[in-house]
Amino acid sequence: QVQVAESGGGLVQPGGSLRLSCAASGFIFSVYARAWYRQAPGKQRELVAVVNNDGTTYYSDSVKGRFTISRDNGKDTVVLQMNNLTPEDTAVYYCNVRGKERSYTAVTDFWGRGTQVIVSS
């Protein structure tokens with residue numbers, strides 16, 4: 001069974017940096033993309049960044065130029081480097097892995113439980 005786990009959240013001052021990591025365990029036949037989402041209190045979950053299997057990336061406008069997503073396919077991990085953080089970045093950050101467990105199964109979104117990021121002075 002595929003499991004996804006995030007780490008690296010915490011409390012940071014405005015202007016600071018944090019590095020989030022996400023590891024997927026269990027066999028995945030094919031991974032199409034890895035992504036980070038976030039959900040702030042009272043708001044809907046939103047996409048932050050995506051790295052596709054071909055290496056292309058996408059960032060939301062709110063984090064472009066400040067966040068960097070990267071992957072290590074050999075370790076099945078994805079990292080979100082977050083710089084110049086602001087209080088508006090405060091949220092629970094979720095890792096998402098989109099793929100197929102087996103060649104004959106449907107494409108599935110695998111989610112972690114989230115890690116809290118608080119940006120405050």
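Along the sequence shown, residues are numbered consecutively beginning with 1. Everything numeric here is computed off the predicted structure, so don't read it as measured data.
Taking all atoms of both residues into account, the shortest heavy-atom contact from Lys100 to Thr105 is CE-O, 2.7 Å. When all heavy atoms of Val78 and Cys95 are compared, the closest pair comes out as CG1-SG, 3.8 Å. Closest non-hydrogen pair, Ala49 versus Leu80, comes out as CB-CD1, 4.2 Å. Closest approach of Val92 and Gly114 over heavy atoms only: CG1-CA, 3.8 Å. Between Arg66 and Asp89, the shortest heavy-atom contact is NH1-OD2, 2.8 Å.
A side-chain donor-acceptor contact under 3.5 Å links Asp54 to the backbone of Thr56. Tyr59 places a side-chain N or O within 3.5 Å of a backbone atom of Ile69 that can act as its donor or acceptor partner. Side-chain N or O atoms of Glu6 include one that pairs as donor or acceptor with a backbone N or O of Arg113 at under 3.5 Å. Side chain of Thr108 to main chain of Ala106: a donor-acceptor pair is present (N/O by atom type, distance under 3.5 Å, no hydrogens or angles). A donor-acceptor pair under 3.5 Å is absent between the side-chain atoms of Glu101 and the main chain of Phe29, judged by distance alone. Judged purely by atom type and a 3.5 angstrom limit, Thr115 uses its side chain to pair as donor or acceptor with the backbone of Gly9.
Here CE of Met82 is found 5.0 Å from OH of Tyr93. Values are rounded to the nearest 0.5 Å. Rounded to the nearest 0.5 angstrom, Arg34 CZ and Thr57 OG1 are separated by 14.0 Å. In this structure, Asn53 CG and Ser30 OG are separated by 6.0 Å, a value rounded to the nearest 0.5 Å. In this structure, the separation between CZ on Phe110 and OG on Ser25 is 11.0 Å, given to the nearest 0.5 Å. Rounded to the nearest 0.5 Å, atoms CZ (Arg19) and CG (Asn83) are 10.0 Å apart. Asn52 CG to Tyr58 OH: the interatomic distance, rounded to the nearest 0.5 Å, is 11.5 Å.
Between Arg38 and Glu46, some side-chain heavy-atom pair lies under the 4.5 Å cut-off. At a threshold of 4.5 Å between non-hydrogen side-chain atoms, the residues Leu18 and Leu85 count as touching. Between Phe67 and Val48 the shortest side-chain heavy-atom distance falls below 4.5 Å. Contact annotation: the side chain of Val31 approaches that of Val97 to within less than 4.5 Å [non-hydrogen atoms, C-beta and beyond]. Residues Val107 and Tyr32 meet the side-chain proximity criterion, which asks for heavy atoms closer than 4.5 Å. In this structure the side chain of Trp36 never reaches within 4.5 angstrom of the side chain of Asn96, judged on heavy atoms. Under the 4.5 Å side-chain criterion, counting only non-hydrogen atoms from C-beta, Ser70 is not in contact with Val51. Taking the side chain as every heavy atom from C-beta outward, Thr90 and Gln116 approach each other to under 4.5 Å.
In Arg45, the CZ atom is crowded: over 12 heavy atoms of neighbouring residues, nucleotides or ligands sit closer than 6.0 Å. Around OH of Tyr104, the count of heavy atoms belonging to other residues, nucleotides or ligands within 6.0 Å does not exceed 12.
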Exercise for the section: Show the numbers, then the answer: is there a side-chain contact (heavy atoms from CB on, under 4.5 Å) between Leu47 and Ser60? Expected result: CA-CA 7 Å; Leu47 176 64; Ser60 67; over 6 Å; no
Problem - CA sep, side-chain torsions, deciding dist, call: Ser62, Glu88, side-chain contact (heavy atoms from CB on, under 4.5 Å) - result: CA-CA 9 Å; Ser62 61; Glu88 288 68 37; over 6 Å; no
Practice task
Run the numbers on Asp72 and Thr77 for side chain to side chain donor-acceptor pair (under 3.5 Å), then give the verdict.
Solution key: CA-CA 5 Å; Asp72 182 338; Thr77 60; 4.6 Å; no
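Between Tyr94 and Trp111, the ring-plane angle classifies as perpendicular under the 30° and 60° cut-offs.
Ile28 and Val4 fall within the same hydrophobic cluster, defined by Ile, Leu, Val, Met, Phe, Trp and Tyr side-chain heavy atoms under 4.5 Å apart, directly or through other members. Note on Val12: it clusters hydrophobically with Val63, by side-chain heavy-atom contacts below 4.5 Å among ILVMFWY residues.
With sequence neighbours left out, the salt bridge (Lys or Arg N to Asp or Glu O under 4.0 Å) criterion links Asp61 to Lys64.
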